[in-house]
Amino acid sequence: MMTIEEFGRRLRAGGMTSAQITEECLQRIETDNPRLNAFILVMADEARRQAREADRELAAGHDRGPLHGVPISIKDLCDVRGTATTAASRVRDGHVAERDAVAIAHLRQAGAVFVGKTNLHEFAFGTTNEDSAFGPARNPHDPTRSPGGSSGGSGASVAAGMALATLGTCTGGSIRIPAAACGIVGLKPSFGEVSTDGIVPLSRTFDHAGPLALTVADASLVYHALLGDAAATPPAPMPVHGLRLAVPRPYFCDVLDEEVRARFEEALDRLRAAGVRIDEISLHHAGDIAAVYLLIVLADAAAYHAATLDAMPERYTAPVRLRLEMGRYVLAEDYVRALAGREVLRREVDAALAQHDALVLPTLPIPAPTIGATTVKVGSTTEPVRNLMLRLTQLFNVTGHPAISMPIGSTSSGLPCGIQLVGGRGQTDVLLRVAMACERYTTSGPSPRSG
Amino acid sequence: MTIEAWLQSAVADAERRGLPELKPILETLAKAITAIRAADFNQSSVISRQSTVVSHDDD
């Protein structure tokens with residue numbers, strides 16, 4: 001599959017056009033989407049028009065930058081003018097976006113080609129993309145499995161070559177979870193960096209928007225375009241020798257599938273062999289993360305959905321409706337207590353990063369779960385899927401630190417595994433430089449299109 | 001409100017609204033609330049009231 005960087009080289013060397021790469025993506029969508037259900041809306045005519053325009057502009061000497069003519073998919077939580085933003089829910093029946101979300105306007109300005117709106121867990125309130133008014137999205141590596149969520153269709157679209165990158169959103173892990181499950185890169189920037197204006201909220205306290213792509217460099221290109229810096233090129237990787245990483249082992253490495261653990265430790269060994277120093281640290285209040293996250297996200301989501309829960313509850317999928325209803329019972333005093341916990345956790349992560357370039361931990365404790373599974377056996381214990389999927393990612397939505405997931409190989413049955421790097425607040429570019437340095441020592445998972 | 005009282009009230013309300021399936025989910029939420037209230041960053045402090053009286057001069 002082609003990266004944005006590779007396409008850019010071929011485009012500017014005259015060896016490929018935006019029309020050609022866009023047609024390839026549309027062909028893959030036509031062939032594979034019936035099986036993967038990654039897209040809710042395919043924008044074939046508009047994509048072809050945008051691609052022709054991109055080629056015309058480039059021929060006339062107007063180069064918008066690295067995303068010029070690049071086919072991108074968009075999570076159907078983000079407004080694209082003239083199209084519906086369904087949020088994968090019948091609650092949004094009849095909606096048409098009057099204007100682009102700010103992030104989408106930036107991508108449009110950068111010359112990106114929008115191939116379609118991707119499937120997601122309804123209202124982004126889930127980690128498997130199973131509960132969707134349009135049916136579940138499926139993992140390109142094994143269609144009986146979830147692509148992760150909530151940006152599951154986005155992850156599947158890139159992993160299956162239907163787009164070169166995608167715009168996802170993340171409230172508890174919804175960019176990194178599908179990135180890990182699908183074997184690609186997913187970046188959650190620092191909180192507040194990428195505008196969420198024009199994106200349907202789940203929790204305004206925790207919502208982020210960010211890219212999924214095949215490589216860290218590609219993710220960097222999309223990230224900068226989302227900030228309005230369409231001409232930015234990828235940052236230089238940090239020198240890998242002497243990098244200082246920290247593994248928060250207690251809690252974050254306690255509950256891991258054995259093959260996920262093996263891939264993680266192998267990746268750490270490769271990094272150490274390359275000269276990276278890897279320390280072990282602990283976060284004192286790690287055991288409180290889940291409760292802090294749950295109380296805040298539930299109350300935030302319930303507040304946003306209160307009117308439609310009253311007016312049209314039957315239009316939600318049942319599981320999402322119930323979780324939204326749960327949020328209506330969170331007392332204000334407990335919400336405030338959770339906010340106090342958030343500040344404590346933020347300070348603990350800041351302190352852990354004071355002596356290190358990044359934290360390093362697995363992204364998902366399990367490989368992509370089977371669609372329909374509600375529990376998974378990990379070692380000798382059985383755990384709820386939802387808790388496991390969020391376990392290692394949600395902290396950094398709570399604290400707002402930037403975090404990126406990169407593939408590190410796969411299980412014996414070919415399911416991708418991911419490693420997560422976390423950087424200082426407001427230092428997403430530094431994190432990207434660390435990630436670019438580490439990426440060459442982590443092993444990419446197998447392409448679902450290989451062989 | 002104690003967690004027990006909260007849970008009792010929430011379950012009763014859910015049943016009144018025709019959502020008995022909320023009960024096990026509310027029990028899960030109760031565990032999270034218990035954890036948050038027990039966390040050391042939320043230990044109640046004993047406020048010792050000062051004996052000083054704050055007076056305001058009247059014009």
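Below, all heavy atoms of this structure are taken into account, side chains as well, without hydrogens, waters or symmetry copies. Each chain gets a letter, A, B and so on, in the order the sequences are listed, and its residues count up from 1.
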Exercise. Where does A:V292 contact chain B at under 4.5 Å (heavy atoms): side chain, backbone, both or neither?
Worked result: both
Exercise. Got more than 12 heavy atoms from elsewhere within 6.0 Å of CD, B:Q8?
Worked result: no
Exercise. In a check of side chain to side chain donor-acceptor pair (under 3.5 Å) between A:S89 and each of A:R321, A:E122, A:R315, which one passes?
Worked result: A:E122
Problem set entry | Stacked cation flag A:R391 on A:Y251, 6.0 angstrom / 45 deg | yes
Exercise. Given A:H305 and A:F125, is the ring pair (Phe, Tyr, Trp, His ring centres under 6.0 Å) satisfied, shown in steps?
Worked result: CA-CA 12 Å; A:H305 285 273; A:F125 203 15; 7.8 Å; no
Seminar exercise, completed: So, the part of B:A38 with a heavy atom under 4.5 Å from chain A: the answer is neither
For this session: Specify whether A:H208 and A:F191 have parallel, tilted or perpendicular ring planes, treating 30° as the upper limit for parallel and 60° as the lower limit for perpendicular.
Result: perpendicular
Seminar exercise, completed: When the 4.5 angstrom heavy-atom criterion is applied to A:E333 and chain B, the contacting part is side chain
Problem set entry | Segment of B:I25 engaging chain A (4.5 angstrom heavy-atom cut-off) | both
Exercise. Contact part of A:L322 toward chain B, heavy-atom cut-off under 4.5 Å: side chain, backbone, both or neither?
Worked result: both
